[in-house]
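Here's the structure we're looking at; comments come further down.
Letters go in sequence order (proteins before strands), and every chain restarts at 1. What you see is a predicted model, and the numbers here were worked out from it, not measured in a lab.
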Number of protein chains: 4
Amino acid sequence: MPRPATGRKKEAILDAAVVEIASHGYHGTTVAMIARRAGVADGTIYLYFRNKEEILVSLFDRAMDRFVEQGARELADLTEPAARLGRIIELHLELVGSDRDLAIITQVELRHSLHFLDQLSRAKVGAYLQAIAAIIAEGQAAGLWRTDLEATLLAKAVFGVLDEMATDWVLSRRNTRLQARAEAVAAFVTGALRPLP
Amino acid sequence: MPRPATGRKKEAILDAAVVEIASHGYHGTTVAMIARRAGVADGTIYLYFRNKEEILVSLFDRAMDRFVEQGARELADLTEPAARLGRIIELHLELVGSDRDLAIITQVELRHSLHFLDQLSRAKVGAYLQAIAAIIAEGQAAGLWRTDLEATLLAKAVFGVLDEMATDWVLSRRNTRLQARAEAVAAFVTGALRPLP
Amino acid sequence: MPRPATGRKKEAILDAAVVEIASHGYHGTTVAMIARRAGVADGTIYLYFRNKEEILVSLFDRAMDRFVEQGARELADLTEPAARLGRIIELHLELVGSDRDLAIITQVELRHSLHFLDQLSRAKVGAYLQAIAAIIAEGQAAGLWRTDLEATLLAKAVFGVLDEMATDWVLSRRNTRLQARAEAVAAFVTGALRPLP
Amino acid sequence: MPRPATGRKKEAILDAAVVEIASHGYHGTTVAMIARRAGVADGTIYLYFRNKEEILVSLFDRAMDRFVEQGARELADLTEPAARLGRIIELHLELVGSDRDLAIITQVELRHSLHFLDQLSRAKVGAYLQAIAAIIAEGQAAGLWRTDLEATLLAKAVFGVLDEMATDWVLSRRNTRLQARAEAVAAFVTGALRPLP
DNA sequence: AATGAATGAGGCTTCATTCAT
DNA sequence: TATGAATGAAGCCTCATTCAT
């Protein structure tokens with residue numbers, strides 16, 4: 001039986017880390033800063049994380065888990081490839097747009113080193129890309145979408161569009177909602193996948 | 001009297017920085033590492049750069065200047081929006097793909113902090129985005145491309161695709177050439193911009 | 001719960017600083033030297049002092065506090081201006097003369113920059129000067145001392161004499177005791193304050 | 001035959017050093033700063049001075065030489081001890097007060113290390129003290145001044161008063177003239193030296 | 001005599017991590 | 001589990017000094 005206190009303190013540390021890293025960057029954030037905001041002692045951090053880097057990893061993992069979990073739930077009763085892809089686009093922008101601090105981390109901080117981007121993010125991002133590719137392949141098989149380009153490449157293109165929208169939103173000072181762009185992005189993607197005449 | 005050595009030493013430092021930062025990351029690279037590879041004393045670095053961060057900035061500026069310069073030259077005699085956009089796609093992948101170390105920096109290291117990505121990169125990237133948007137707007141005006149979406153948004157989408165391809169290539173261990181994807185990307189973009197029926 | 005170790009470690013650092021700075025000068029003393037002598041790690045210094053300069057400031061503050069405290073105690077039951085001034089002279093030379101290392105710092109090292117001497121020392125020295133001036137003014141009012149010169153100026157003169165004696169003693173190699181000059185200095189000052197005929 | 005150009009450049013360096021050291025302190029002033037203000041190259045400094053410290057030494061020597069020279073001239077036709085001492089007081093305050101930058105150096109910067117104050121300044125200051133002591137001894141022998149205290153001690157006391165007045169003036173922001181205090185100081189000293197009843 | 005680019009030793013300071021309590 | 005004082009390695013940067021021109 002999991003002790004609730006344990007999970008709660010770990011969560012508190014992660015929550016604190018999101019805020020601090022979002023505003024000071026990963027290297028600009030000290031373990032002490034995270035500890036102070038989380039309301040724990042510096043040493044306590046090391047009861048839950050092997051080292052500073054693991055906090056960042058856990059942060060990303062937690063976000064991805066939530067994303068995957070919600071995605072699985074929301075896509076469960078959608079069978080049409082177009083509907084599924086549209087929902088993914090919505091979800092992606094919705095989730096990234098729902099927490100600017102976390103978005104700063106996923107769109108900016110997590111990309112700060114080859115080592116990092118490669119070993120950690122990409123593993124999960126790879127699975128995400130494959131999920132998109134599967135949907136696209138399905139649509140291609142159903143004759144809905146262009147088949148002159150591989151589903152894998154198309155998936156990367158779609159991801160690239162989503163990622164750029166997210167980054168652009170994070171970097172823009174304007175007080176817009178990322179989610180508001182979902183419709184346009186969906187229109188773009190849908191148009192891009194049309195079969196060639 | 002022009003002192004050729006001056007420019008040359010600064011270039012040597014930047015060249016050394018590209019290699020070191022590409023393989024150890026910005027924070028994993030010490031000024032001493034760069035100096036050693038450049039064949040100068042540590043202190044010499046500071047005759048040419050105010051601090052470590054300025055090396056990274058200069059690196060990006062140099063790369064962007066070369067990019068812009070070559071872009072301007074190559075696009076000079078192309079008038080057709082489709083041709084211009086196609087050439088930009090080729091150039092983007094060609095230039096990023098021509099120097100993997102530099103690509104690692106532009107695709108990964110430069111994105112390590114909001115401050116950085118915001119103040120430095122985005123200023124120049126913004127100009128690039130606008131250049132693409134202008135071409136797209138031209139194509140829209142000529143009735144070549146879909147007009148249901150704003151040129152600005154379409155430009156971001158196109159950039160997102162290019163950027164994702166570049167990042168994907170940087171992170172993939174496979175010995176492929178980024179440039180090889182130019183044709184497929186162009187096909188994708190061309191298809192995506194088709195007018196709606 | 002009071003942690004006695006804390007205060008003690010800070011004291012140890014200050015004690016070590018006195019010795020090192022006295023023999024190598026402020027600029028010739030490194031933080032590492034102080035740490036080694038104090039038996040702590042370099043970083044520990046920064047748990048107690050914001051930076052190297054603050055060590056010097058604290059040194060002076062601690063010395064002044066002790067001086068003021070002892071001065072207040074010793075002057076408490078003296079009412080006669082002459083007795084009070086005489087006691088101050090004794091105390092000044094006694095305290096400066098009781099710790100040659102500390103004396104080197106107060107007489108020499110602390111005067112190493114306008115900024116320093118101005119902002120730090122002078123604030124406290126100013127209060128000291130005023131205390132002397134008050135005693136002199138009292139003596140003047142009582143008709144004991146010359147009134148053709150302002151008490152403020154006379155106080156500076158008295159301080160100048162004490163300070164010069166202290167500096168002279170610090171710089172002299174001879175193994176004399178500074179305190180031994182108290183009587184002569186008192187005689188000088190007493191004579192100097194005599195009313196004009 | 002001395003080359004005039006040589007002397008002139010050395011003077012320029014010393015003049016520049018006075019200004020820079022007065023406003024940034026000895027340790028806060030770099031050789032490059034002095035060189036820039038003097039209008040010479042960094043390396044040129046080393047054609048005239050062995051190292052940075054020697055600049056400070058030369059500065060003091062030059063000032064003392066001028067002081068001694070002027071003192072000798074002005075005291076030449078004064079025979080009365082009282083007049084001679086009075087003139088010294090005037091001269092001391094006049095010369096220190098005539099160049100605030102130089103005063104900052106003599107009153108503050110030169111005292112920044114035992115090594116310095118000891119080896120360099122004190123040698124010359126010692127001669128100065130002896131000159132004052134000689135005058136006082138003369139006055140004592142003539143029965144003008146108190147004899148219960150040694151001339152050497154009295155000389156230090158007088159010097160202490162002058163030095164404190166100078167330091168006080170340097171540290172005070174007020175726009176007063178140091179020389180204006182000469183009369184009061186002379187009155188104090190004269191009174192202090194009166195024979196005991 | 002003069003230059004000023006280049007040197008490189010060394011200092012201050014930060015901060016991830018540990019460990020005795 | 002929790003603490004937080006202590007550690008000490010390591011980095012950025014400065015600047016007095018040199019030397020080829």
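Going from atom CZ of B/Arg8 over to atom P of E/dA5 covers 16 Å, rounded to whole Å. For C/His27 and F/dA16, the NE2 to C1' distance is 14 Å, given to the nearest whole Å. Rounded to a whole Å, the CD atom of A/Glu53 is 16 Å from the C1' atom of E/dC15. One atom, CD1 of D/Ile34, and another, P of F/dA16, lie 8 Å apart when rounded to the nearest Å. Between D/Phe49 atom CZ and F/dT17 atom P the separation is 13 Å, expressed in whole Å. Between the C1' atom of F/dC15 and the NE2 atom of D/His24 lies a distance of 15 Å, rounded to the nearest Å. Computed from coordinates, the A/Glu54 CD to E/dT17 P distance equals 10 Å when rounded to whole Å. Rounded to whole Å, atom P of E/dA6 lies 19 Å from atom CZ of B/Arg36.
Distances shown here put every side-chain N or O of B/Tyr48 at or beyond 4.0 Å from the OP1 or OP2 atom of E/dA5.
Ion pair A/Lys124/A/Asp65 flagged as a salt bridge, since at least one NZ, NE, NH1 or NH2 atom sits closer than 4.0 Å to an Asp/Glu carboxylate oxygen.
Residue C/Thr44 places its side chain closer to F/dT7 than to any other of F/dT7, F/dT17, F/dT3. The listed nucleotides are E/dT18, F/dC13, F/dA6; the one nearest the side chain of A/Tyr46 is E/dT18. Here F/dT7 is the nucleotide among E/dA2, E/dA6, F/dT7 with the atom lying nearest to any side-chain atom of C/Leu47. Comparing atom distances between the B/Val40 side chain and each of E/dA2, F/dA16, E/dT7 picks out E/dT7 as nearest. Closest contact between the side chain of A/Asp42 and the listed nucleotides F/dA16, E/dT17, F/dT1 involves E/dT17. When each of F/dA16, F/dA5, E/dT17 is scored by its nearest atom to the side-chain atoms of A/Asn51, the top-ranked nucleotide is E/dT17. Checked against F/dC12, E/dT3, E/dT7, the side chain of D/Ala41 finds its nearest nucleotide in E/dT3. The listed nucleotides are F/dA2, F/dA16, F/dC13; the one nearest the side chain of D/Lys52 is F/dA16.
Between C/Tyr26 and B/Ile45, the residue whose closest nucleotide on DNA chain E is further toward the 5' end is B/Ile45. Where C/Gly39 and B/Thr30 meet DNA chain F, the nucleotide closest to each residue was compared, and C/Gly39 sits on the side nearer the 5' end. Between A/Gly43 and D/Gly28, the one whose closest nucleotide on DNA chain F sits nearer the 5' end is A/Gly43.
Between B/Arg62 and B/Val18 there is a side-chain heavy-atom pair separated by less than 4.5 Å. At a threshold of 4.5 Å between non-hydrogen side-chain atoms, the residues A/Ile34 and A/Thr30 do not count as touching.
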Original post:
Could you write out DNA chain F as a dot-bracket string, with dots for unpaired bases, | for bases paired across to another strand, and Watson-Crick or G-U pairs counted at under 3.5 Å?
Top reply: .||||||||||||||||||||
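For the side-chain contact (heavy atoms from CB on, under 4.5 Å) test with D/Ile105, the passing option among D/Asp99, D/Val170, D/Leu59 is D/Leu59; the others fail.
For the pair B/Lys52 and B/Tyr26, the cation sits on the ring face: its NZ or CZ lies under 6.0 Å from the ring centre, inside 45° of the axis.
Of all heavy-atom pairs between B/Ala38 and B/Ile13, the closest is CB-CA, 3.9 Å. Between C/Ala22 and C/Ile104, the shortest heavy-atom distance links the atoms O-CG2, 3.7 Å.
Defined by atom type and a distance below 3.5 Å, a donor-acceptor pair is missing between the side-chain atoms of A/Glu20 and A/Thr29.
E/dA1 and F/dT21: their P atoms are spaced 22 Å apart (whole Å).
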